[in-house]
Amino acid sequence: MAAGRGSFNSRFAAVMALAGSAIGLGNIWRFPYMVGQHGGAAFIIVYLACSLLVSLPVFFAEGFLGKSTGLSALGALEKKAPRWRWAGYVSIIASFVITSYYSVVGGWSLDYFIRSLGGGFSGLSMENSTEVFSRMSSSHVEVLAAFGAFLTLTAAIVLAGVEKGIGLFSKVMMPLLFVMIVVIVVKSLSLPGASAGVDYLLKPDFSRLDAPAIAAALGQSFFSLSLGVGCVLTYCSYMKKEDSLTATGMWTVLFDTIFAILAGFAVMPAVFSVQGLEPGAGPSLVYETLPVVFSQMGPLVPVVFFLAVLVAALTSSISMFEVVVSWLIDEKKLRRPVAVLLVYLAALVLGSLCALLPRVFSACDFAASNIFMTFGALVFVMVAGWLLPEHDVRREFSSARVFSIFRFLVKWVCPVAILSIAITNLL
Ligand code: TRP
């Protein structure tokens, strides 16, 4: 392991950091509206199957590369599969692109959190809320300021290092995040009419499960677990040798899935409690619909909710930021402060473009979730499943049973599943 690259000082820190990377806007903002668009519980069932049969093995494959080499994406691939070294650059570019556009949406959550602190949502009607959102998202100054502030917070945590920055922030914030979401779920379930939302989440409508819905479930599971762009690889390279990769992976998937479902129960009952609100409203659900519902539940509810969104977004953005920083530290031998500054400045430029130009934003989102992530995941599973000798990979697995299941899934199920969604998404 390169000297001075840092490490997580306990398995708890590693699991919290990985769960922090996984749990983010994808869980709170994307998962509920995807469930809304693709048939409620039927989508959740497919999502669970994808997470277990495809995403978890991809997690192991990616994490294995980081943990066994103690290096970030580029170095790990160079060491294990030199001919695939260039794919490491794809990871770094992908993480950089995602950091930039993700921080724009992260900025909205910071903006909304500050607004809620000032009581800005009290007595809000649906029309007003739509207006607030469109005014915010079309005000260049406000969007840029919020994005810049969010990116600065991200950079500050990464600057503090793996143990004292990322590890410590995640260890404190992740448990708090669970408490906050549970509070919102309880509040949301106590609303009149909430049971329609619960039914919606629990009653499967299989007629809406077409190929795009299944591809969306796998894509969402990948996005939610931060797979395919080196976040898992980099964080696992900071794990202590004696900590178990399989246990860490299972905890991460478990926490991420529980959190996504909790977020569904925080959002859907609230949406259904108000006549005329649409569960499939899409991206605007969190920023337009929920402020209206939550502000009716007392002044503190929006504060807790948007703080949860902000914290979830931050623990995710630091993981993408760190992928690029760790490459500069490992391969370019830069000191952390210099690496952080360079990434910060570059992300300020691309992120500002995303904030100002919706077409750049959509292009980044499309490239990241349809091309980069699937490509990276495919490379990781091919290297761990086909290229490397079995005994090499076997060493990171304490149980022979788990290893043989992993081996089968990573060799056959993952590549087929990943290629099919890539094709479905591009058609
Ligand atoms: N998983 C995070 C979320 O659900 C976002 C995220 C972090 C991510 N790192 C990533 C998404 C890497 C794709 C790739 O919000």
Side-chain angles (χ1 to χ4, degrees), residues 19-20 22-36 102-126 128-130 132-133 136-137 146 149-150 153 172-194 197-198 200-201 224 255-256 258-274 277-279 281-317:
I23 295 169
L25 297 167
N27 302 58
I28 306 182
W29 173 62
R30 222 160 169 251
F31 182 79
Y33 83 74
M34 289 223 150
V35 174
Y102 195 88
S103 299
V104 175
V105 187
W108 299 350
S109 66
L110 179 60
D111 187 302
Y112 268 56
F113 170 60
I114 294 172
R115 228 175 253 267
S116 68
L117 275 183
F121 295 124
S122 59
L124 197 70
S125 71
M126 196 58 214
N128 291 343
S129 180
T130 308
V132 168
F133 183 71
M136 188 239 353
S137 52
F150 182 87
L153 286 174
V172 176
M173 288 304 184
M174 293 314 288
L176 197 67
L177 186 59
F178 270 90
V179 174
M180 290 193 280
I181 198 78
V182 169
V183 169
I184 302 285
V185 171
V186 171
K187 278 283 192 187
S188 200
L189 287 177
S190 66
L191 287 166
V198 175
Y200 189 79
L201 286 167
S224 191
F255 284 143
D256 184 56
I258 293 177
F259 196 92
I261 292 174
L262 281 176
F265 279 104
V267 172
M268 283 306 163
V271 171
F272 275 86
S273 73
V274 179
L277 293 187
E278 250 299 298
S284 63
L285 200 57
V286 160
Y287 293 101
E288 290 181 30
T289 308
L290 292 184
V292 179
V293 184
F294 287 157
S295 64
Q296 291 163 4
M297 293 153 72
L300 270 182
V301 179
V303 177
V304 174
F305 179 72
F306 284 107
L307 181 61
V309 181
L310 176 62
V311 166
L314 270 175
T315 53
S316 296
S317 64

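- Remark: the backbone N or O of I23 is paired with a side-chain donor or acceptor of S316 at under 3.5 angstrom.
- A distance of 7.0 Å separates CZ in F121 from OG in S129, rounded to the nearest 0.5 Å.
- Listed by chain and number, the residues in a side-chain hydrogen bond (donor to acceptor under 3.5 Å, both in side chains) with S224 are N27, D256 (sequence neighbours excluded).
- Note: M268 CE to L201 CG = 6.0 Å, rounded to the nearest 0.5 Å.
- With V271 as the partner, the side chain to side chain contact (heavy atoms under 4.5 Å, CB included) test is satisfied by one option alone out of L191, V292, V293, L290: L290.
- Considering only heavy atoms from C-beta on, Y112 stays 4.5 Å or farther from F305 through its side chain.
- The one candidate from Y287, F294, W108 that meets the side chain to side chain contact (heavy atoms under 4.5 Å, CB included) condition with F306 is Y287.
- In this structure a side-chain-to-backbone donor-acceptor pair under 3.5 Å is present from S137 to F133.
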### Verdict with supporting geometry, T289 and M126, side chain to side chain contact (heavy atoms under 4.5 Å, CB included)
CA-CA 7 Å; T289 308; M126 196 58 214; 4.0 Å; yes
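- Across all non-hydrogen atoms, the minimal contact from S273 to P192 is CB-O, 3.2 Å.
- Expressed to the nearest 0.5 Å, how far CG of L117 lies from CG of L307 amounts to 8.0 Å.
- Counting all heavy atoms, side chain and backbone alike, L25 lies closest to Y102 at N-OH, 2.9 Å.
- Using a 4.5 Å heavy-atom threshold, the side chains of F113 and V309 count as separate.
- The aromatic rings of F259 and F178 lie perpendicular to each other, with more than 60° between the two planes, well past the 30° mark.
- Heavy-atom minimum distance, A263 versus I28: CB-CA, 4.1 Å.
- Judged by distance alone, the side chain of S103 and the main-chain N or O of G106 form no donor-acceptor pair under 3.5 Å.
- Taking each heavy atom of M180 and V311 in turn, the nearest pair found is CE-CG2, 4.4 Å.
- We find the CG-CZ distance between L262 and F255 to be 11.5 Å, quoted to the nearest 0.5 Å.
- V267 has its side chain within reach of L285: a pair of non-hydrogen atoms, C-beta onward, lies under 4.5 Å apart.
- Looking at every heavy atom in both residues, G107 comes nearest to A146 through O-CB, 3.3 Å.
- Within the 4.5 Å cutoff, side-chain heavy atoms of L314 are placed close to those of F150.
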Name the atoms and distances for all side-chain donor-acceptor pairs under 3.5 Å in residues 181-188, with sequence neighbours left out.
unit_1 : atom_1 : unit_2 : atom_2 : d
S188   : OG     : A266   : O      : 2.7
S188   : OG     : A270   : N      : 3.2

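- For D111, the salt bridge (charged side-chain N to carboxylate O under 4.0 Å, His left out) test picks out R115, with sequence neighbours left out.
- Taking the six-membered ring for Trp and thresholds of 30 and 60 degrees, Y200 and F272 have ring planes inclined between 30 and 60 degrees apart.
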